[in-house]
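First up is the structure itself, then whatever we jot down about it.
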Amino acid sequence: MAIDAWLDSSLYKLRSHFSAFWESATIFSRKFRVRGWKRLFVEIADEGFTLGVLGSVVLLALAMPAFEETKKDWRAQDDYAVTFLDRYGNEIGQRGIMHRDAVPIAELPDHVIKAVLATEDRRFYEHIGIDFWGLSRALTQNMRANGVVQGGSTLSQQLAKNLFLSNERTLKRKINEAFLALWLEANLSKTEILQLYLDRAYMGGGTFGIAAASEFYFGKNVKDVSLAEAAMLAGLFKAPAKYAPHVNLPAARARANVVLSNLADAGFMSEGQLAYARRNPASVVDRAKGENPDYFLDWAFDEVKKITRTIPQHNLVVRTTLDRNIQKAAEDAIEFHLRQYGAEYKVTEAATVVIADDGSVRAIVGGRDYGESQFNRATKALRQAGSSFKPYVYAVAMEKGLTPNTIVSDAPIAWGNWMPRNYGRSFAGRVDLATALVKSYNTVPVRLAKDYLTTKPIVALTKAMGIESEISDHKTMVLGTSGMTVMDQATGFSVFANGGFAGMRHGIVQISDPAGKILWDFKRDTPEPKRVLSEKAASEMNSMLVQVPERGTARRAALPMTRVAGKTGTTQSYRDAWFVGYTGNYTAAVWFGNDSYAPMNNLTGGIIPAMTWQMMMMQAHQNIDLKPIPGISNPFPTPAQPADPKLVAQSSGTGEKLPNTVPDYPRVLSSETTRFMRSLNEKFRTYETPQRIRTTLSSL
């Protein structure tokens, strides 16, 4: 009773005290209450503050992953100085050394700094990393022009992108860029930010930084450049490939004239000071136009750094596997099809990787224009594979004892609450596995994984085949929902082309020091290829995949001189389109899509990707000894005939007739002559004595 009475009295007193406190607080708060017309503005300010705080919290949560990048040693520049050679020993470019030729801001000419700031960020010394005034001005100009004519990114934002982010055009990247720009402003001085920007920006011609660009284009130290030359250099930051003077001097001079006008508009110089530079535009060092395979070089540079982690020597000469003819064919094929059909199908980007039968990477195209975007879509972009992933599922089925003739039901199927459907919303009933793969039915691989295989052995096989991207073991992975790179796809399908062996892919043949001492050799220092698919399973997969370009979804990829095997892939809402195919000589993966993941206009893998693959391979297969795909019959049709045009028009179920994109490449040299010339080239490269060369020639 006493305890109960104490509790009752205590609760009563607590309520009384709280009521008294609340009444006092209410009376006190009334002194600050706004009434009448002023209350409207206070309420609006309160709501705006609340929404602003909530928005800031959301934006900060989105940007937190980007801040993880700042924990790395991002200031350190690579101390590598690497000269790259192609497979024949010809120099194709450099990496590393051109990043280190920095000149302190205090030693740069005043007109160089002014030209850069007038063009890239006039209010650089006034804003905090984000220029709200400049952003509003850019938005106004763009609205008036009904297009993008002026950018709103500050120099700090551009540096943040160069140091920490990719060139993906997404809202998340812009948010991260803004927060990282604020972080740079908080942790670095304006001089340090400007110094890093001038040293790290890509300037075209394979150069990084304004000092290296000055040496490359004008053959002089950046301290000695004239006003006209400084204007030309400043004009490169916007689009180095478009305005590179060694490629398009008239465009570079026109851009430099815009920079000079910017100097006058910003009030940095008078028209009188600019007159001489306008009348005497800059000239550049005469350099033969040689397109550098920059995407390949970037990937090879990363590979070199992995290989040489335990090698103290970083001044290196690296012999790669690049074939410049195939690289050029790949670049031309992608550019041609993007230019010809990009607007119609609403596709802006593409990538490809070509691998020879011995595993050597012959070509990499990581995007349409390296000058506009150095992001390598061939080796770094994770894109859903769609139906081009299905061969990995069928390969596991072949290993489990099924055959191309095994009958499986193409009928509605439910796996939990997931009910996949076929592309045409219809079902074929009982079909053999070969037909299911050729026709790309969705329910069949799902049924295989659900009733026969499970997803774990599929994931295990992809890893064994050399695919480096993380493949999910979720049930939807059967239809290619996991992100994969173009390099992954080319690597995986090359295992089929090699009869089931993995571990052969490589881009580096030899690494040596400048004196010629071999520090690393692929044949000597790498393990032997390993079999990951039985010979039977590999042969059965090849026998099925070779039918896809003949009676399936990839008829546009058929070649007249040899049979082709491969698989198309198209993802949901047409965000990705693939064709991954191979012959006995080469494997190549081709991807088309948009960086923003925007849907394309009904573009499937059997249209432009297959056509691009065909155009590349027509060139790659000239003047070589054709090799058969392992395990298939009649590898070289006789007489060799191209695919039936009527069947080509039916590819992917579109029914449209696209023009033939494959040029009629003439055979310049016979196979015998080509073999002789290559063997002769090998002999000369071994530095033999004249007497031995004569002996070799007589023996040949």
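What you see is a predicted model, and the numbers here were worked out from it, not measured in a lab.
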Can you tell me how far the CG atom of Leu603 sits from the CG atom of Asn594, to the nearest 0.5 Å? 9.5 Å

Set out, in order, the CA-CA distance, both residues' side-chain angles and the distance that settles side-chain contact (heavy atoms from CB on, under 4.5 Å) for Val365 and Val353, then state yes or no. CA-CA 7 Å; Val365 180; Val353 172; over 6 Å; no

Is atom CD of Glu470 surrounded by more than 12 heavy atoms (other residues, nucleotides or ligands) closer than 6.0 Å? no

Under 3.5 Å side-chain donor-acceptor pair for Ser16 and Lys13: no

Show your working on salt bridge (Lys or Arg N to Asp or Glu O under 4.0 Å) between Lys223 and Glu107 and close with a plain yes or no. CA-CA 7 Å; Lys223 300 176 186 178; Glu107 299 180 18; 2.8 Å; yes

Taking atom CG of Leu338 and atom OG1 of Thr612, what is their separation to the nearest 0.5 Å? 7.5 Å

More than 12 heavy atoms of other residues, nucleotides or ligands under 6.0 Å from NZ of Lys475: is that the case? yes

Do Phe268 and His111 make a side-chain contact, defined as non-hydrogen atoms from C-beta onward lying under 4.5 Å apart? no

Test ring pair (Phe, Tyr, Trp, His ring centres under 6.0 Å) on Tyr197 and Phe237; report intermediate values, then the result. CA-CA 10 Å; Tyr197 180 76; Phe237 288 97; 5.1 Å; yes

Just checking Tyr370 against Tyr202, ring centres under 6.0 Å apart? yes

Short side-chain donor-acceptor distance under 3.5 Å, His474 and Thr476: yes

Return yes if some donor-acceptor pair links the side-chain N/O of Asn248 with the main-chain N/O of Ala251 below 3.5 Å, else return no. yes

Side chains of Glu185 and Ser156: do they bring a donor and an acceptor to under 3.5 Å? yes

Could you walk me through whether Asp595 and Arg377 pass salt bridge (Lys or Arg N to Asp or Glu O under 4.0 Å), step by step? CA-CA 9 Å; Asp595 286 344; Arg377 295 158 190 83; 2.7 Å; yes

Could you check whether Arg278 pairs with Glu271 (Lys NZ or Arg NE/NH1/NH2 to Asp/Glu carboxylate O, under 4.0 Å)? yes

Taking atom CZ as the centre, does Phe21 end up with more than 12 heavy-atom neighbours from other residues, nucleotides or ligands that are less than 6.0 angstrom away? no

Rounded to the nearest 0.5 Å, what separates atom OG in Ser189 from atom CD in Gln195? 9.5 Å

Lys161 side chain near Leu180 side chain, heavy-atom distance below 4.5 Å: no

For the residue pair Trp299 and Phe296, categorise the inter-ring angle as parallel (less than 30°), tilted (30 to 60°) or perpendicular (more than 60°). perpendicular

Are the side chain of Arg253 and the backbone of Ala282 linked by a donor-acceptor contact shorter than 3.5 Å? yes

So with a 6.0 Å cut-off around CZ of Arg15, is the heavy-atom count from everything else above 12? no

Do the side-chain N and O atoms of Lys390 and Asn442 include a donor-acceptor pair separated by under 3.5 angstrom? yes

At what distance, to the nearest 0.5 angstrom, does OG1 of Thr443 lie from CH2 of Trp415? 13.0 Å

Should we count CD of Gln273 as having more than 12 external heavy atoms under 6.0 Å? yes

Kindly determine whether Tyr217 and Leu236 satisfy side-chain contact (heavy atoms from CB on, under 4.5 Å), including the steps that lead there. CA-CA 11 Å; Tyr217 294 121; Leu236 291 171; 3.5 Å; yes

Basic-acidic side-chain contact under 4.0 Å: Arg95, Asp302: no

Given the ring of Phe375, does Lys380 sit roughly above its face, with NZ or CZ under 6.0 Å from the centre of the six-membered ring and within 45° of the axis? no

Could you tell me if Thr154 and Asp131 have a donor-acceptor pair between their side chains, going purely by distance under 3.5 Å? no

Between CZ on residue Arg368 and NE2 on residue His337, distance to nearest 0.5 Å: 12.5 Å

Polar side chain donor-acceptor pair, Thr485 to Thr379, under 3.5 angstrom: no

Could you check whether any side-chain N or O of Thr119 sits under 3.5 Å from a backbone N or O of Val116, counting only pairs where one atom can act as donor and the other as acceptor? no

Leu196 backbone acceptor or donor facing Arg200 side chain under 3.5 Å: no

Short question: side chain of Asp199, backbone of Gly209 - any donor-acceptor pair under 3.5 Å? no

Asp576 CG to Thr604 OG1 distance, which is reported to the nearest 0.5 Å: 12.5 Å

Does Arg255 make a cation-pi contact with Tyr243 (under 6.0 Å, within 45 degrees of the axis)? yes

Looking at Ser388 and Gly569, would you say the former's side chain and the latter's main chain have a donor-acceptor pair under 3.5 Å? no

With distance as the sole test, does Glu229 use its side chain to make a donor-acceptor pair with the main-chain N or O of Ser226 at under 3.5 Å? yes

Would you say Thr570's side chain and Gly605's backbone share a donor-acceptor pair under 3.5 angstrom? yes

Going by distance alone, is a donor N or O of one side chain under 3.5 Å from an acceptor N or O of the other, for Ser482 and Arg383? no

Tell me, yes or no, whether the heavy-atom count around Ile3 atom CD1, taken from other residues, nucleotides or ligands under 6.0 Å, exceeds 12. no

Would you say that Trp418 contacts Leu479 through its side chain, given a criterion of any heavy-atom pair below 4.5 Å between the two side chains? yes

Does atom CD (Glu23) have a neighbourhood of more than 12 heavy atoms from anything else shown, all under 6.0 Å? no

How far apart are the closest heavy atoms of Ala378 and Ile364, and which atoms are they? CB-CG2, 3.7 Å

Could you check if a side-chain atom of Leu194 sits within less than 4.5 angstrom of a side-chain atom of Ile113, using non-hydrogen atoms only? yes

Thr571 backbone acceptor or donor facing Gln384 side chain under 3.5 Å: no

Whether Trp578 side chain and Phe592 backbone form a donor-acceptor pair below 3.5 Å: no

